[in-house]
Amino acid sequence: MEKDEEFDHATAKLDSDEEGDELAQDWSQMAKVTVSQNVIPKRGEKDFEPDGTNVQELMLFRAKKAMFDSLSGAIRGSVVKNLVKAYYVPEKHMAVVPHPKGTFMHTMGRVDSSGCCWLEVYEFVYLAERGTVTPYWQNSGREDDEFDVPLSVEDTYSLFKSQSELDEFFVYAHLKRLGFIVSSINQNVPHWSSYLEVSSITGEQRVYRYFTSLFRLIPTIPHFSIYDPYHFYFRRYTSSGQIYRSLNLLIPSYSAPRTVQELCNENADSYQETTDLKAWKISFNVWKPRTNFRKKSPGLPDFQIVVYNKNESGSSFPTYPEIRNIFQRLNYQFDFLTDGNMNDVQVANKIPQLNNEYKITKKEDESPRTKENKKNCKTYPPHIQQLRRLKKGYRSFVLAVMDDGLISFVRLSESDFGSENVWYEPNAFTKKSSKSQRPKRRPKKRSEKTPE
Amino acid sequence: MSKYLSNSKRYKYPLPIHPLDNLPQLLPHNPVSWLYWLYCYISSTNLLAKKIDIEVTNGHRITVPGEEDMLYLWNNGFFGTARLSRSEPTWKARTLARLGIDESFNALEKVTEKRRHQRLAFKKERRKFEAIRLDLRKKGVLESEILDKERQFLRELRDQELILDSEDYQVREEDDELLLNDGIVNLEVLELMPVEAIFLTFALPVLRPSVAEIAELLLGPKPTYTEIHNLITQYVAYHHYRSHGWCVRSGIKFGCEYLLYKRGPPFQHAEFAVMVLDYKDTPDYTWYSGIARVIGGAKKSLILCYVEPLLQKEEIMSLWDQKDFEQVFASHRVGEILYRRWVPGKNRD
Amino acid sequence: MNNSEIISLVRNNLVHQQLWTDVDQHELVADQLYVFSGLPPNKLSNDDELLCKEWVIPVELSQYRPGLLTLEVLQSIFDKIKCKRLTLGITNDDGTVVYYFVYKGLHKPKQN
Amino acid sequence: MDDKVPISLVQAPGSSGVPLVFSIAAIKRLRELGVAGILTGTLPAATQQNAFLGIPLRLMIEEAAWLVEEGFAYLVCGGKLLEDAVGNLGAEDVAMMQKKAEESFEEQRAFKRQQHIEKLQRLGITKQDGGEEDSRLLEASLFVETKNESTLLKHKEAQFDIAVLQKKIVDNLLSHGKNHNDYLMYRALRSQGYFLSPGARFGGRFIAYPGDPLRYHSHLTVQACLDYRHEPLDLLQLVSGGRLGTGVKKLWVVGGVKDDEEIEFFSVEWAGFG
């Protein structure tokens with residue numbers, strides 16, 4: 001009998017998202033996240049609609065009180081002893097901390113030769129807002145310059161020059177609050193080398209690449225193709241696989257680069273075609289929270305973020321060519337290169353000059369968990385590995401969608417169905433696995449459709 | 001009846017064109033076996049004995065009326081949707097059961113119906129409690145007590161395990177139009193999506209008419225470029241997935257274009273939901289987020305399938321007019337993007 | 001609106017799949033806009049007091065043609081049929097029909 | 001009559017802007033008016049999470065425009081306001097600021113000394129002034145607060161509260177939004193008592209709540225405004241929207257502007273069969 005897909009859907013809990021599907025949380029719970037106060041027990045759920053009862057009225061009053069009490073009680077600043085002064089420098093549109101101290105230095109700002117720490121505006125506002133630094137206006141050229149003009153939070157926000165600067169700040173702060181290490185892309189660039197250096201491709205490779213791409217893009221249609229009305233009078237097919245193979249030559253498709261080599265080649269190829277596109281700004285590099293982070297040699301980031309304000313006039317979701325253009329400019333720790341399951345690391349290691357950075361970060365990342373993952377990957381049967389590839393995709397970036405103060409994150413990944421054949425061939429599974437590399441015990445996580 | 005065939009037998013072939021899988025054994029030391037093999041090879045064919053007839057109903061809808069043909073297309077690749085069922089043609093058997101002509105059959109739809117009743121009954125009970133709660137509140141009962149009551153109420157409801165027998169339907173006046181002396185009229189037809197009809201004509205020789213005829217049925221004699229372009233875009237995506245082995249079915253129930261099944265609906269749920277877009281399309285963000293929510297809620301992965309023409313509009317029109325459909329389709333490239341919500345808190349380590 | 005083409009499709013679906021009774025066809029705009037009235041086998045919503053007459057507008061969803069149902073058309077239907085809700089019977093390219101309620105104005109969701 | 005609420009607008013020349021509110025009293029007042037907005041700032045007491053955020057409150061441009069039109073608020077914009085304000089500071093102003101800062105310190109000192117004495121008394125010790133060491137410790141423990149609201153911009157802000165100017169700012173704001181008619185839709189929903197919030201994550205332009213979102217679930221996912229006469233409903237979207245609504249108990253709402261700026265709304269939900 002057919003499975004009742006739809007029914008399952010209707011009753012399934014819809015995509016629950018702990019990040020506040022519904023607005024406005026129970027502020028009495030604030031106590032749980034602050035340090036000092038006692039934990040107040042959770043009150044009842046929200047109601048369907050106002051019902052005119054006093055009880056409801058009272059509960060709304062309490063909810064609002066809890067919220068505004070928390071807001072009013074939120075004093076920011078520091079005692080004189082711990083004061084870290086940061087000065088906004090209008091000419092540079094940056095802020096400077098003349099006597100920097102504190103842990104924020106590990107991941108933020110840049111220290112110049114005189115020992116001053118320079119902050120981007122978004123870093124400045126973020127640190128001021130959480131009370132880590134105390135913001136001032138740098139008074140240059142005024143007579144009474146023994147007095148520093150202190151700034152309020154409102155003042156610091158007025159330093160943002162455009163909506164997009166502000167949106168980037170919101171995304172930055174959102175990720176920072178969760179402990180991610182975030183830095184803007186323009187910063188730091190000279191500090192690490194990309195493994196996607198274009199220059200390293202030889203002319204020979206280029207020509208080879210050109211030919212192979214020709215073959216891939218322009219489908220080779222056999223003279224007497226399967227689509228010819230008389231085809232089947234001459235040709236016999238002895239397996240469904242053969243029929244599929246004839247059919248799947250027709251539609252050309254983009255194939256995703258899976259190795260360092262392929263990544264390099266792709267970059268070399270597609271430089272020209274990107275001229276009349278909107279080249280989206282990749283705003284941030286993001287590293288997962290870690291304690292051994294070094295600003296000077298951060299290694300490749302774990303994610304890269306593009307910010308998109310959906311309500312701005314003239315803005316629209318990236319088109320396919322724009323998405324591809326972003327892919328080609330990505331430079332992060334591509335997990336499909338490290339995933340033992342996806343492909344062999346050997347290929348990557350053959351290109352040492354491209355690969356320095358990659359190797360370094362790989363070593364650092366060789367946590368027990370990663371190793372375990374790799375082991376697990378190896379034991380998956382081919383069709384599960386295939387499904388994993390399809391579901392995970394290859395290069396990807398995170399699109400931070402700004403909707404008037406609410407941020408949604410979307411991960412867009414390059415996928416490649418054109419390079420995978422999922423057709424069912426009876427006995428194919430058992431034949432292949434009996435030859436070699438058969439897993440010792442059949443993995444428990446088999447798809448329901450294992451052939452009988 | 002053959003309905004007790006196991007799924008693996010019943011759905012042995014993924015396409016309506018079958019491979020020659022019953023050729024005799026080839027014995028290397030026996031030349032006679034070679035000859036016999038050759039004879040068998042030449043004398044057999046992958047073609048169907050008789051191509052399948054279609055009808056056009058309601059102007060441009062392509063349907064398969066033959067009872068056996070319907071079943072054949074369903075069993076061999078899950079093509080088409082039976083109009084009065086949800087996918088597989090079960091309406092006739094279901095109706096016979098309902099009218100008391102054949103009691104034994106218990107089709108999916110009937111089960112679904114039963115579940116729906118249970119759901120409604122549960123909600124009805126829950127609603128009763130809403131009234132009670134309002135009443136309690138008005139009386140000024142403490143909120144914590146009300147919550148306790150609610151919890152208790154829901155627990156009891158669960159324990160009761162509301163099982164409702166769906167009442168037997170009576171024969172309705174409307175059913176008169178179905179009844180014949182020895183059974184019922186089969187109102188069921190199998191409808192093919194336009195792209196399925198093209199696939200079963202252009203890619204595989206299954207349906208009787210030519211591709212050009214199908215195209216004209218679908219678009220009329222003088223279609224505009226936009227109409228052609230939209231149809232091509234849909235077809236190219238369909239052919240792409242079909243030819244890589246996926247069972248591709250309409251995704252309308254989930255608000256998307258296609259669902260991809262590894263073998264077919266009887267074997268498992270669809271893993272992927274496909275939205276087909278022109279490569280330059282960029283609908284409003286709410287479009288993506290709404291769809292992604294529905295798809296995500298159904299535990300499927302959302303694929304944006306972009307189709308890009310590799311030739312100019314005029315060239316494609318000209319190829320279309322020459323009925324060179326092979327070139328038309330081959331001049332479109334497919335690219336895919338996986339679209340997933342990303343929750344920062346779940347990606348910290 | 002090319003509704004005449006899908007009338008029989010929706011009608012058969014209502015009568016013989018959804019098992020509605022007393023299904024009648026009415027012409028709203030000659031050759032263009034039709035509506036069915038009929039009785040479903042059970043109440044369609046718990047918010048209804050009793051089983052009541054429902055109104056179904058057959059419309060077509062096409063993968064490659066633009067739709068024709070504008071808000072103005074919806075409004076004109078509500079003007080002609082004084083009813084609490086309309087049901088859209090949306091026919092798809094795959095031959096299925098899906099049903100959606102349309103209420104005029106802002107309506108409350110079902111409470112549970 | 002309450003004072004009008006100043007709303008700061010962060011904007012680049014020739015573009016829309018982001019309306020922000022920094023005063024807690026103002027945020028409270030907006031909430032009474034049915035405008036909840038989105039709190040987006042880090043709360044100093046809980047800097048490691050996103051569930052509870054503090055000032056500023058970010059408004060939708062529709063909210064800001066509505067508040068101005070109704071006479072509840074006025075918008076303040078201009079990229080160099082702060083720079084001008086600092087540049088125009090005279091010796092008097094600086095002296096004033098200095099005095100204020102010193103006053104705050106003096107209050108703190110008095111309070112701390114008092115506490116200190118009380119503590120000693122409880123312990124039964126009578127001791128004179130602790131000398132230099134104590135006063136050094138005292139000075140180091142004084143608190144420097146970074147305030148929410150600006151004092152520098154106060155005077156400048158008030159100058160924006162001029163009807164003609166406000167009209168211009170609002171027009172500019174709305175003309176750079178995605179869909180001007182969304183504002184009319186916002187206004188219609190607000191006038192029916194709904195609280196609104198941005199709705200993209202639910203597949204709509206707005207999410208509508210029957211009352212304060214702190215207490216009530218949302219009822220509607222409102223789509224961006226359609227052209228009443230010419231824009232056909234996207235049925236595929238309607239299908240997915242209606243489906244989505246069933247799961248999260250929200251109706252999917254479409255609306256369009258009729259003549260005379262009136263909005264006609266329709267609510268859609270899955271019929272539960274078929």
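So that the names make sense, note that chain A is the first sequence line, chain B the second, and so on, each numbered from 1. The structure displayed is predicted, hence computed values, not measured ones.
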**Q.** Residue A:F61 excluded, over 12 heavy atoms near CZ under 6.0 Å
**A.** no
(Q) If I measure from the heavy atoms of chain D, does A:L151 come under 4.5 Å with its side chain, its backbone, both, or neither? (A) both
**Q.** Separation between OG of A:S72 and NZ of D:K28, rounded to the nearest 0.5 Å
**A.** 5.5 Å
Q. In Å, rounded to the nearest 0.5 Å, how long is the span from CG of A:L127 to OG1 of D:T146?
A. 11.5 Å
**Q.** Side chain, backbone, both or neither of D:Q11 within contact of chain A (heavy atoms, under 4.5 Å)
**A.** backbone
**Q.** Within 6.0 Å of CD in D:E92, more than 12 heavy atoms from elsewhere
**A.** no
Q. Under 6.0 Å from the NZ atom of D:K112, do we count more than 12 heavy atoms belonging to anything else shown?
A. yes
**Q.** Contact leader toward chain A among D:D182, D:I61, D:L39, D:L137, where contacts are heavy-atom pairs under 4.5 Å
**A.** D:L39
**Q.** Part of D:S8 lying under 4.5 Å from any heavy atom of chain A
**A.** side chain
(Q) My understanding is that only one of A:R130, A:H174, A:E129 makes a side-chain hydrogen bond (donor to acceptor under 3.5 Å, both in side chains) with D:T42; could you say which? (A) A:E129
Q | Contact class of A:N82 relative to chain D, heavy atoms under 4.5 angstrom | A | neither
Q. Hey, which of D:E63, D:Q108, D:H219 has the most heavy atom pairs under 4.5 Å with chain A?
A. D:H219
Q) Is any side-chain heavy atom of A:V149 closer than 4.5 Å to a side-chain heavy atom of D:M97? A) yes
Q) Under a 4.5 Å heavy-atom cutoff, which of D:L43, D:L81, D:L59, D:L9 has the most pairs with chain A? A) D:L43
Q | Exceeds 12 heavy-atom contacts within 6.0 angstrom, atom CD of D:Q192 | A | yes
**Q.** Heavy-atom closest contact (D:S150 atom, A:D155 atom, distance)
**A.** OG-OD1, 2.5 Å
**Q.** Closest approach of D:P44 to A:A74 (non-hydrogen atoms, all atoms of both residues)
**A.** CD-CB, 3.7 Å
Q: Decide if atom NE2 of A:H93 counts as having more than 12 heavy atoms of other residues, nucleotides or ligands within a radius under 6.0 Å.
A: yes
Q. Within a radius of less than 6.0 Å around NZ of A:K85, do more than 12 heavy atoms belonging to other residues, nucleotides or ligands occur?
A. yes
Q. Is chain D contacted by the side chain of A:F48, its backbone, both, or neither, given a heavy-atom distance below 4.5 Å?
A. both
Q: Name the member of A:K176, A:R177, A:K161 that forms the most heavy-atom pairs with chain D at distances under 4.5 Å.
A: A:R177
Q | D:F52 CZ to A:L71 CG distance, which is reported to the nearest 0.5 Å | A | 11.0 Å
Q: With a 4.5 angstrom heavy-atom cut-off, could you sort out which part of A:I75 is near chain D: side chain, backbone, both or neither?
A: both
Q.
Under a 4.5 Å cutoff for heavy-atom pairs, which residue among D:I24, D:V18, D:V144 has the most contacts with chain A?
A. D:V144
Q) Taking the side chain from A:D47 and the backbone from D:R215, do they hold a donor-acceptor pair closer than 3.5 Å? A) no
Q. Given a strict heavy-atom distance threshold of 4.5 Å, which part of A:P90 is in contact with chain D: side chain, backbone, both, or neither?
A. side chain
Q) A:L83 versus chain D, heavy atoms under 4.5 Å apart: side chain, backbone, both or neither? A) side chain
Q.
Less than 3.5 Å apart, any donor N or O on the side chain of A:Y88 or D:E83 sitting next to an acceptor on the other?
A. no
**Q.** Spacing of D:T47 atom OG1 and A:Y126 atom OH [to the nearest 0.5 Å]
**A.** 6.0 Å
Q. What part of A:T132 gets closer than 4.5 Å to chain D, counting heavy atoms only: side chain, backbone, both or neither?
A. neither
Q. In terms of heavy-atom pairs under 4.5 Å, which option from A:T156, A:N309, A:L166 contacts chain D the most?
A. A:L166
Q. What residue in A:L159, A:V401, A:D167 has the most heavy-atom pairs under 4.5 Å with chain D?
A. A:D167
Q) Given side chains that start at C-beta, do those of D:H176 and A:S313 come closer than 4.5 Å, heavy atoms only? A) yes
Q) Looking at D:K154 and A:E154, does any basic side-chain N land under 4.0 Å from a carboxylate oxygen? A) no
Q.
Any salt bridge linking A:D404 with D:R205? Criterion: basic side-chain nitrogen under 4.0 Å from a carboxylate oxygen.
A. yes
(Q) If I measure from the heavy atoms of chain A, does D:F22 come under 4.5 Å with its side chain, its backbone, both, or neither? (A) side chain
**Q.** More than 12 heavy atoms from other groups under 6.0 Å of NZ on A:K101
**A.** yes
(Q) Which atoms of A:Y136 are under 4.5 Å from chain D, going by heavy atoms: the side chain, the backbone, both sets, or neither? (A) side chain
Q) Which residue pairs satisfy the salt bridge (charged side-chain N to carboxylate O under 4.0 Å, His left out) criterion with at least one member in residues 67-79 of chain A, sequence neighbours excluded? A) A:K65-A:D69
(Q) How long is the straight-line distance from CZ of A:F160 back to CG of D:L20, given to the nearest 0.5 Å? (A) 9.5 Å
Q) What's the spacing between D:I27 CD1 and A:M67 CE if we round to 0.5 Å? A) 7.0 Å
Q: Check each atom of A:S78 against the heavy atoms of chain D and say whether the ones under 4.5 Å are side chain, backbone, both or neither.
A: backbone
Q: Side chain from CB out, backbone as N, CA, C, O: work out which of these in D:E139 comes under 4.5 Å of a heavy atom of chain A, or both, or neither.
A: backbone
(Q) Restricting to non-hydrogen atoms, name the atom on A:K46 and the atom on D:P213 that form the minimum distance, rounded to 0.1 Å. (A) NZ-O, 2.8 Å
